Amino acid sequence: MRLTVLGGGGFRMPLVYRALMDDQDSAAGRRTEVTLYDTERRRLDAIGAVIAAQAAGRADVPAVRLTTDLDEALRGADFVFSAIRVGGLAGRARDERLPLAEGVLGQETVGAGGVLYGLRTLPVAVRIAERVAALAPDAWVINFTNPAGMVTEAMQRVLGDRVIGICDSPVGLCRRAARAAGVDPNRASYDYVGLNHLGWLRRITVEGRDVLPDLLADEAALTSFEEGKLFGSDWLRTLGALPNEYLHYYYFNRESVAAVRDAPHTRGEFLRAQQAAFYEEATARPEGALAAWERTRLEREETYLAENREATGGWQRDACDLEGGGYDRVALALMRAIARDERTTLILNVRNRTAVPALDADAVVEVPCAVDANGAHPLAVGPVAPGQLGLMLTLKEVERAAIEAAASGSHQAALRAVALHPLVDSVNVARRVLQAAEAGA
């Protein structure tokens with residue numbers, strides 16, 4: 001099996017390689033070849049040093065090669081894992097700061113900042129899809145590039161259902177909730193519905209019984225894990241469901257914006273400085289690259305959603321949530337299911353078909369899917385609560401306006417994408433944010 005990783009010099013790439021090494025099927029591990037592609041050779045070399053240290057002393061590890069040539073990376077690939085960041089962390093920092101200057105949320109995938117990131121990323125993602133179609137038409141594309149739902153839908157317009165989006169947020173929520181409910185996460189099934197970074201866990205079923213009502217009724221259990229602390233038990237009982245962590249920006253927008261504005265730096269600014277230090281250290285001392293990466297990764301996980309946690313009283317993440325990854329295990333499970341026909345159920349970003357009745361067939365949604373050698377097949381989730389569906393429909397219109405703007409260059413479509421977002425409170429604000437982004441492009 002040949003796996004190509006786009007954005008292979010990215011900081012989290014060693015998580016993917018670690019998952020591949022830990023694959024229980026050693027024969028499959030021996031057959032795996034990994035090609036890491038990045039536009040920056042320095043980043044590739046630094047991550048290459050980390051991976052070499054991970055593999056040291058272990059037998060039958062996946063072979064790795066590095067390249068800055070996209071076409072070379074794609075030829076012969078069976079799977080293409082896309083984790084690119086167009087504009088780098090400097091671009092992310094600008095996406096966050098421009099909306100904050102107008103008093104609205106600045107965040108990587110949510111609000112005006114997420115739309116700006118999408119507008120910059122979509123043209124590149126579509127060009128990649130076109131190269132995959134030309135050079136590796138039988139490859140499966142696993143998209144982790146944010147905004148994941150928007151990017152997956154745009155790439156599907158070129159490659160169809162061979163593009164599947166993944167995210168670590170739903171699986172993290174499901175496993176935390178199951179543990180809090182006192183059940184083995186691997187024995188439960190999950191009723192989850194939404195779009196990427198906009199979803200709700202509605203049922204946790206074990207042996208035919210939904211244990212979520214008991215969890216919602218148990219104050220101690222409900223406040224023992226991240227989402228319970230983040231949203232508060234009263235609000236979760238009011239909803240009757242467990243929201244994805246990113247919905248904190250919607251349900252507690254005023255508090256979230258205040259916390260982000262009061263912080264000394266945005267998340268993008270923090271990561272830009274942190275990762276610059278890591279890449280510099282790993283380049284100067286390749287023999288210490290793995291230790292530097294582990295130290296930096298732990299700090300990254302400890303500070304995840306720090307402003308949101310500060311806005312809800314301040315609390316630390318649980319040890320099990322500091323392991324890192326999640327998306328790497330989803331990616332591996334997806335590849336195993338397709339390559340070996342090891343049938344499984346995963347929460348993925350796929351074409352809706354008929355899974356969510358109120359959305360059209362081509363809308364990319366985030367729902368449980370049955371996965372086999374023929375790809376991911378969305379499972380019907382049934383009717384969606386009006387409050388949830390309203391947000392989904394609005395955000396889908398935002399995504400599609402951004403896709404239109406990226407494809408056509410239409411300023412009007414770009415303005416619609418920013419102004420229609422529910423966390424942008426004025427068309428004039430949208431205009432100024434978009435103008436500032438265009439001026440700095």
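Remember, it's a predicted structure, so these values are computed and weren't measured experimentally.
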Could you label the plane-to-plane angle of the [X] and [Y] rings as parallel, tilted or perpendicular, counting under 30° as parallel and over 60° as perpendicular?
| X | Y | answer |
| --- | --- | --- |
| Y246 | H197 | parallel |
| F144 | F81 | tilted |
| F231 | H248 | perpendicular |

Consider only side-chain N and O atoms of [X] and [Y], and report whether a donor and an acceptor are under 3.5 Å apart.
| X | Y | value |
| --- | --- | --- |
| T223 | S233 | no |
| E245 | S169 | yes |
| R267 | T303 | yes |
| R85 | N146 | no |

Residues E299, F270; criterion side chain to side chain contact (heavy atoms under 4.5 Å, CB included); working and verdict:
CA-CA 11 Å; E299 183 186 31; F270 168 78; 4.0 Å; yes
Student check: side-chain heavy atoms of [X] and [Y] closer than 4.5 Å:
| X | Y | value |
| --- | --- | --- |
| L119 | V86 | no |
| Y190 | P368 | no |
| L20 | M335 | yes |

Between [X] and [Y], what is the shortest heavy-atom contact and its length?
| X | Y | answer |
| --- | --- | --- |
| R120 | R92 | NH2-N, 3.9 Å |
| P378 | V350 | CB-CG2, 3.8 Å |
| Y117 | P147 | CD2-CD, 3.9 Å |
| T67 | L44 | O-CD1, 3.3 Å |

For L105, run the side-chain contact (heavy atoms from CB on, under 4.5 Å) check against L100, V257, V424 and tell me which one passes.
V257
Could you walk me through whether F225 and R179 pass side chain to side chain contact (heavy atoms under 4.5 Å, CB included), step by step?
CA-CA 9 Å; F225 64 105; R179 287 194 296 264; over 6 Å; no
N374 CG to D341 CG distance, which is reported to the nearest 0.5 Å:
7.5 Å
Go through it in stages, so that I can follow the logic: the residues are I338 and V371, the test is side chain to side chain contact (heavy atoms under 4.5 Å, CB included), and I'd like the CA-CA distance, side-chain angles, deciding distance and then a yes or no.
CA-CA 7 Å; I338 294 175; V371 190; 4.0 Å; yes
Say whether, by atom type as modelled, one donor and one acceptor occur between the side chain of R131 and the main chain of D71 under 3.5 angstrom.
no
For R237, is there an ion pair with D234 - N to carboxylate O distance below 4.0 angstrom?
yes
Flag the pair R351 and D161 as a salt bridge only when some basic side-chain nitrogen lies within less than 4.0 angstrom of an acidic carboxylate oxygen.
yes
If you count heavy atoms of other groups shown closer than 6.0 angstrom to CD of Q412, is the number above 12?
no
